[in-house]
Amino acid sequence: MTLGCAIWWHVDFSTPEGRMWGWDPNARCKRHRFFVERFTLGQWLADWLEGNRTFPEPPPVVDCPDC
């Protein structure tokens with residue numbers, strides 16, 4: 001799913017819970033643009049059905065001078 005501005009979500013269907021990944025080339029360096037999300041597909045869909053709009057949120061990176 002795309003959110004515009006080259007921001008994407010990816011779902012890993014090889015995991016039973018549907019692990020989600022975020023891609024935000026505007027927020028991080030090349031090494032940290034693709035990151036594990038804090039929720040699964042089921043959690044994201046339940047939140048969306050409640051009317052919430054969540055955006056990918058990269059975890060804080062403290063050891064990277066390029067981020």
Holding to side chain to side chain donor-acceptor pair (under 3.5 Å), I want the full list of residues that pass it with [X], two or more places apart in sequence or in another chain.
{"X": "D12", "answer": "S14"}
{"X": "E17", "answer": "none"}
{"X": "D66", "answer": "none"}
{"X": "W9", "answer": "E37"}

query = Could you give all pairs that pass the salt bridge (Lys or Arg N to Asp or Glu O under 4.0 Å) test and reach residues 23-32, with sequence neighbours left out?
reply = none
request  = Would you mind listing every salt bridge (Lys or Arg N to Asp or Glu O under 4.0 Å) that reaches into residues 54-63, with sequence neighbours excluded?
outcome  = R38-E57
query = For the side chain of Q43 and the backbone of T40, is there at least one donor-acceptor N/O pair under 3.5 Å apart?
reply = yes
ask   = Mind checking who shares a hydrophobic cluster with F34, ILVMFWY linked at side-chain heavy-atom distances under 4.5 Å?
value = W8, W21, W23, V36
ask   = What's the shortest heavy-atom distance between R19 and F39, and which atoms?
value = NH1-O, 3.3 Å
note = Taking every heavy atom of P25 against every heavy atom of A6, the minimum-distance pair comes out as CD-O, 3.1 Å
Working for side-chain contact (heavy atoms from CB on, under 4.5 Å), residues W44 and V11 = CA-CA 11 Å; W44 181 82; V11 180; over 6 Å; no
query = Which residues pass the side-chain contact (heavy atoms from CB on, under 4.5 Å) test with P59, sequence neighbours left out?
reply = F35
